[in-house]
Amino acid sequence: MRDSRNATASSDSRNPTDLSAATVRTRVTVPLRFDDGYTVTADLATFHHLADGQEHVAVILGEPAAGRPPLVRLHSECLTGDVFGSARCDCGPQLREAIERIADRGGVLLYLRQEGRGIGFYNKLDAYALQDKGLDTYEANAALGLPEDARDYTAAAQILAVLGITELDLLSNNPDKAAQLRTLGLTVTQHVPTGVFTTAHNVRYLRTKVVRTQHTLPLTELTELTELTELTELTAG
């Protein structure tokens with residue numbers, strides 16, 4: 001559930017009539033290459049007049065087949081996972097997977113500057129320190145006096161609108177993303193889950209996302225892996 005401290009500000013900004021305010025600033029073609037050798041050419045687009053004033057980027061990949069909505073992912077920036085390859089989350093593997101799946105299908109990945117579910121990089125690392133003491137990811141945010149999830153997708157809806165996308169299939173495990181886009185007047189035809197990218201370091205985090213915010217991940221499997229991880233740690237200790 002989204003933190004009530006953000007509810008008023010978020011609902012005030014989610015007005016479909018506001019989506020027309022954004023305009024394209026720059027669109028440039030960039031060849032992308034990943035560590036595993038996968039390459040693809042994308043158009044990167046930047047924008048003026050986004051609701052939150054952030055430097056979000058649209059990664060435009062391929063063209064969807066006639067009559068089929070584009071595949072879209074709203075990917076929140078994660079410096080630790082996307083750049084440094086942190087195993088404490090699944091962000092890096094999700095980004096890599098999304099780029100290829102969208103390129104195959106045709107659509108857009110929105111790279112949104114919402115580090116740490118919107119709390120910023122420094123606060124995210126502070127939350128990590130609390131997680132090391134036993135709190136889960138949402139409890140850690142609350143202990144810092146921060147919302148569980150500060151993300152608002154009004155700017156994402158603006159970007160999609162200016163790109164001419166009003167109907168889409170959403171690549172995500174997070175039901176809040178689809179709910180916000182629908183509230184903002186977009187049509188989410190299908191909610192497409194991402195892969196499940198577990199490590200010994202992120203399995204508790206993934207399970208917590210299912211329990212606390214109803215992410216579409218396999219709860220039974222994650223619970224079993226969490227128990228196995230805890231048993232292994234206990235034995236090693």
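Please read these numbers as outputs of a predicted model, since none were measured by experiment.
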Ignoring hydrogens and angles, write down the donor-acceptor pairs under 3.5 Å from the side chains of residues 53-61, residues two or more places apart or on other chains.
unit_1	atom_1	unit_2	atom_2	d
His56	ND1	Arg113	N	3.0
His56	NE2	Asp52	OD1	3.2
His56	NE2	Asp52	OD2	2.8

Quiz item: Would Asp176 and Tyr153 count as a side-chain hydrogen bond (donor to acceptor under 3.5 Å, both in side chains) if you check the C-alpha gap in whole Å, the side-chain angles of each, and the deciding distance to 0.1 Å?
Solution: CA-CA 10 Å; Asp176 186 49; Tyr153 298 105; 5.3 Å; no
Exercise. State whether a side-chain donor-acceptor pair under 3.5 Å links Asn174 with Ser172.
Key: no
Quiz item: Side-chain donor-acceptor pair under 3.5 Å between Asp136 and Thr208, yes or no?
Solution: no
Practice problem: Only pairs at least two apart or in different chains count here, so list each salt bridge (charged side-chain N to carboxylate O under 4.0 Å, His left out) that has a residue in residues 157-171. | Solution: Arg105-Asp169
Quiz item: Quick one: do Lys124 and Glu115 make a salt bridge, cutoff under 4.0 Å?
Solution: yes
Are [X] and [Y] side-chain neighbours, meaning at least one heavy-atom pair lies under 4.5 Å?
X	Y	answer
Asn141	Leu130	no
Val40	Glu100	no
Phe47	Thr26	no
Asp126	Ile119	no
Arg88	Thr199	no
Arg182	Thr187	no
Ile165	Val108	yes

Practice problem: Look only at the side chain of Gln180 and the backbone of Lys177, and say whether a donor-acceptor pair between them is shorter than 3.5 Å. | Solution: no
Self-check item: Main-chain N/O of Ala51 paired to Gln158 side chain as donor or acceptor, under 3.5 Å
Solution: yes
Quiz item: Do Ser76 and Arg151 pass the side-chain hydrogen bond (donor to acceptor under 3.5 Å, both in side chains) test, and can you show the C-alpha distance, the side-chain angles, and the key distance before you say yes or no?
Solution: CA-CA 9 Å; Ser76 297; Arg151 291 175 294 183; 3.0 Å; yes
Self-check item: Option from Ile99, Leu171, Leu71 for which side-chain contact (heavy atoms from CB on, under 4.5 Å) with Leu109 holds
Solution: Ile99
Quiz prompt | Single hit among Thr189, Val192, Val72 for side-chain contact (heavy atoms from CB on, under 4.5 Å) with Leu168 | solution = Val72
Quiz item: Linking I/L/V/M/F/W/Y whenever their side-chain heavy atoms sit closer than 4.5 Å, directly or via other members, would Leu144 and Leu125 fall into one cluster?
Solution: no
Exercise. Check the hydrophobic clustering (I, L, V, M, F, W, Y; side-chain heavy atoms under 4.5 Å; chains of links allowed) and say if Val30 and Leu95 are grouped together.
Key: yes
Quiz prompt | Spatial distance of atom CG (Leu50) from atom CD1 (Ile159) [nearest 0.5 Å] | solution = 5.0 Å
Exercise. Quick one: pull up CG in Leu184 and CG in Asp152 and give me the separation to the nearest 0.5 Å.
Key: 7.0 Å
Please confirm whether [X] makes a cation-pi placement over [Y], using NZ or CZ under 6.0 Å from the six-membered ring centre and within 45° of the ring normal.
X	Y	value
Arg96	Phe34	yes
Arg33	Tyr38	no
Arg117	Tyr138	yes

